[in-house]
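Working notes for the structure below.
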Amino acid sequence: MADCLFCKIVKGEIPAKKIHEDDDTVAFLDINPQAPTHLLVVPRRHIPTLNDLGPDDDALAGKLLRVAAALAKERGLAGRGWRAVLNTNADAGQTVFHIHAHVLGGRRMTWPPG
Ligand code: AMP
Ligand code: ZN
C-alpha cells in the first residue's frame with residue numbers, strides 16, 4: 001500500500017534495522033524501544049489490522065507468531081520470558097495500520113498492561 005510506513009520498510013524505501021527477512025515476513029528493530037529487546041515482525045503483505053484477517057491468512061498469522069518466537073529465542077529470551085503484543089485499533093493504541101507483532105523482552109513485564 002503506497003502510503004503505509006511498514007510497506008515502505010518492507011520494500012526498503014525507508015531505512016530500518018532489519019534483523020530477519022523471509023518470503024512472508026520481515027522483522028526490524030522498533031525505532032522507540034520500550035524494553036531492552038523490542039522488535040517488530042510484519043507480514044510482507046499489507047493487512048491493516050487483525051480484524052482484517054481471513055481464513056486464507058491462517059498460515060501467515062501462524063508464521064508471524066513462529067518468527068516472533070524464533071527471534072525471541074535467538075536473543076536468549078525464551079527461558080526467562082518475553083511478550084508478543086498486537087495492538088488493534090484505537091483503544092489498544094495502534095498507530096501503524098499494517099499488522100505487526102511487537103516482541104518485547106529483557107525486563108520484567110507488568111500485568112495488566114497499561
Ligand atoms: P503500534 O502502536 O502498535 O501501532 O506500534 C507501532 C510501532 O512502530 C511503535 O512501537 C513505533 O515506535 C514503531 N515505529 C514507528 N515508526 C517506525 C520506524 N520508522 N521504524 C521502526 N519502528 C517504527
Ligand atoms: Zn502496509
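Quick note: residue numbers are just sequence positions, from 1. Remember, predicted model here, so these are calculated numbers, not experimental data. Scope of the values below: all heavy atoms of this structure, side chains included, with no hydrogens, waters or symmetry mates. Remember, it's 1-based here, ligands and their atoms both numbered in the order they're listed.
- Looking only at heavy atoms of the protein, atom 1 (P) of ligand 1 is closest to His100 NE2, 3.1 Å.
- Across Ala35 and Met109, no two heavy atoms sit closer than the pair CB-CE, 4.2 Å.
- Leu71 contributes atom CG, which lies 6.0 Å from atom CG of Leu39 (distance to the nearest 0.5 angstrom).
- With rounding to the nearest 0.5 Å, the separation of CZ in Arg83 from NE2 in His38 is 12.0 Å.
- Remark: Ile47 CD1 to Cys4 SG distance equals 11.0 Å, nearest 0.5 Å.
- If you number the atoms of ligand 1 from 1 as listed, the ones under 4.0 Å from a heavy atom of Phe28 come out as 21 (C).
- Rounding to the nearest 0.5 Å places CG of Leu64 at 7.0 Å from OG1 of Thr25.
- Counting non-hydrogen atoms of neighbouring residues, nucleotides and ligands closer than 6.0 angstrom, the CG atom of Asp22 exceeds 12 such neighbours.
- No heavy atom of Leu86 sits closer than 4.0 Å to any atom of ligand 1.
- Taking any N or O of Leu5, backbone or side chain, none lies under 3.5 Å from an N or O belonging to ligand 1.
- The shell of residues lying under 4.0 angstrom from ligand 1, judged by heavy atoms, includes His102.
- When hydrogens are left out, the protein atom nearest atom 22 (N) of ligand 1 is Ile31 N, 3.2 Å; that is the closest non-hydrogen contact.
- When ring centroids are compared, Phe28 and Phe6 come within the 6.0 Å threshold.
- Heavy-atom proximity to Leu29, at under 4.0 Å, picks out these atoms of ligand 1: 21 (C).
- For atom 4 (O) of ligand 1, the closest non-hydrogen atom of the protein is Thr95 N, 2.7 Å.
- Using a 4.5 Å cut-off on side-chain heavy atoms (C-beta onward), Leu50 and Leu86 make contact.
- The atoms of ligand 1 that sit less than 4.0 Å from any heavy atom of Asn32 are 12 (O).
- Asp3 pairs by the salt bridge (charged side-chain N to carboxylate O under 4.0 Å, His left out) definition with nothing, not counting sequence neighbours.
- The distance between the ring centers of His102 and His100 falls below 6.0 angstrom.
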Item to check | Check against side-chain contact (heavy atoms from CB on, under 4.5 Å), Lys18 and Ile9 | outcome: CA-CA 9 Å; Lys18 288 184 182 167; Ile9 287 177; 4.1 Å; yes
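- The pair Arg45-Asp24 does not meet the salt-bridge criterion, since no charged nitrogen lies less than 4.0 angstrom from a carboxylate oxygen.
- Taking 4.0 Å as the cut-off, Phe6 counts as a neighbour of ligand 1 on heavy-atom distance.
- Inclusion of His38 in the set of residues having an N or O under 3.5 Å from an N or O of ligand 1 is not warranted.
- Look at Ala16 and you'll find every heavy atom at least 4.0 Å from all atoms of ligand 1.
- The shortest N or O to N or O distance between Leu40 and ligand 1 is not under 3.5 Å.
- Protein heavy atom closest to atom 10 (O) of ligand 1, with residue, atom name and distance, is Asp30 OD2, 2.5 Å.
- Protein N/O/S atoms closer than 2.8 Å to the Zn ion (ligand 2), listed by chain and residue number, are Cys4 SG, Cys7 SG, His46 ND1, His98 ND1.
- Closest of all the heavy-atom pairs between His98 and Arg44 is CE1-O, 4.0 Å.
- For the pair Ile9 and ligand 1, a heavy-atom separation below 4.0 Å is found.
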